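Contents: one structure, followed by commentary.
We use all heavy atoms of the structure for the numbers below, so side chains are in, but hydrogens, waters and symmetry mates are not. Model, not experiment: these values are computed from the prediction.
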Amino acid sequence: MSKGSLGPTPGFLVWRLANKWRVAVDRAVAPLGLTHAQYSLVASLHGMQRAGERPSQRQLADHTGLEALYVSKLARTLESAGLIERARDPRDPRAVQLALTEQGRAVTRQAVVVVQELLQQLLEPLGGLDAPRTRAFTEELMTLLDAPLAPSVPNDETTQGTAS
């Protein structure tokens, strides 16, 4: 919380909401053998495949906001579980393309239903998934996610207020 603030900061609330959501999704998809991070990967991959794409690990990392090394680790775990296939990209031998297996598509479809029900429950205080307040909230989140953040530089003169 900031010094002048009487209540929680927006950053603190976003962090709390993200943690609440992560825990809820973890619990909801655990019976399907997935974690929240794995769900994010397979659900994103499912959507990209439905759009005719066979994304690389890097493209999936960019899409999900997860680190490329973490996506690689998740992909190997999901491949071991028989949910995805990893293959070298014929156009770039350094890149690895991902695709859901038949089993992966079935598990992902089940998980999407479970998470959609959970999302409806989470958004009920705003009027539900299709409510005007939910649409406005989504637009605000997109605005924040689209805003670039410059990395801070510790001990930089401008951050100490001593620039001449």
- Query: Between Val115 and Trp21, does a side chain to side chain contact (heavy atoms under 4.5 Å, CB included) hold up when you go through it step by step?
  - Reply: CA-CA 10 Å; Val115 172; Trp21 181 247; 3.8 Å; yes
Between [X] (side chain) and [Y] (backbone), is there a donor-acceptor pair under 3.5 Å?
| X | Y | result |
| --- | --- | --- |
| Arg135 | Asp130 | yes |
| Thr134 | Gly128 | yes |
| Glu117 | Val114 | no |

Rounded to the nearest 0.5 Å, what's the gap from [atom1] on [X] to [atom2] on [Y]? Could you check?
| X | Y | atom1 | atom2 | answer |
| --- | --- | --- | --- | --- |
| Arg58 | His63 | CZ | NE2 | 14.0 Å |
| Lys20 | Trp15 | NZ | CH2 | 14.0 Å |
| His46 | Leu41 | NE2 | CG | 13.5 Å |
| Glu79 | Glu85 | CD | CD | 8.5 Å |

Closest approach of [X] to [Y] (non-hydrogen atoms, all atoms of both residues):
| X | Y | value |
| --- | --- | --- |
| Ala131 | Leu126 | CB-O, 3.4 Å |
| Thr101 | Gly82 | OG1-O, 2.6 Å |
| His36 | Asp26 | N-OD1, 2.5 Å |
| Ala43 | Val112 | CB-CG2, 4.4 Å |
| Arg133 | Pro125 | NH1-O, 3.5 Å |
| Arg88 | Gln97 | O-OE1, 4.3 Å |

Close side-chain approach of [X] to [Y], heavy-atom, < 4.5 Å:
| X | Y | result |
| --- | --- | --- |
| Leu129 | Gln116 | yes |
| Leu100 | Val42 | yes |
| Ser56 | Leu98 | no |
| Ser44 | Leu60 | yes |
| Leu34 | Thr108 | no |

- Task: Taking atom CZ of Arg16 as the centre, report whether more than 12 heavy atoms of other residues, nucleotides or ligands fall under 6.0 Å from it.
- Result: no
- Query: Are more than 12 heavy atoms from other residues, nucleotides or ligands located less than 6.0 Å from atom CZ of Arg105?
  - Reply: yes
Taking a hydrophobic cluster as the set of Ile, Leu, Val, Met, Phe, Trp and Tyr residues connected by side-chain heavy atoms closer than 4.5 Å, whether directly or through intermediates, do [X] and [Y] fall within one such cluster?
| X | Y | answer |
| --- | --- | --- |
| Leu144 | Leu123 | no |
| Leu17 | Val23 | no |
| Leu141 | Leu66 | yes |

- Where do Arg86 and Gln57 land on the side chain to side chain contact (heavy atoms under 4.5 Å, CB included) test, with the steps shown first? CA-CA 9 Å; Arg86 299 168 69 236; Gln57 287 182 172; 3.1 Å; yes
- Item | Stepwise side chain to side chain contact (heavy atoms under 4.5 Å, CB included) test for Gln38 and Leu78 | CA-CA 8 Å; Gln38 291 169 336; Leu78 291 164; 4.0 Å; yes
- Quick one: do the Ser72 and Arg76 side chains pair a donor with an acceptor below 3.5 Å? yes
- Between Glu124 and Gln120, does any side-chain donor sit less than 3.5 Å from a side-chain acceptor? yes
- Task: Identify the residue among Leu122, Thr35, Leu119, Leu118 that makes a side-chain contact (heavy atoms from CB on, under 4.5 Å) with Val25.
- Result: Leu118
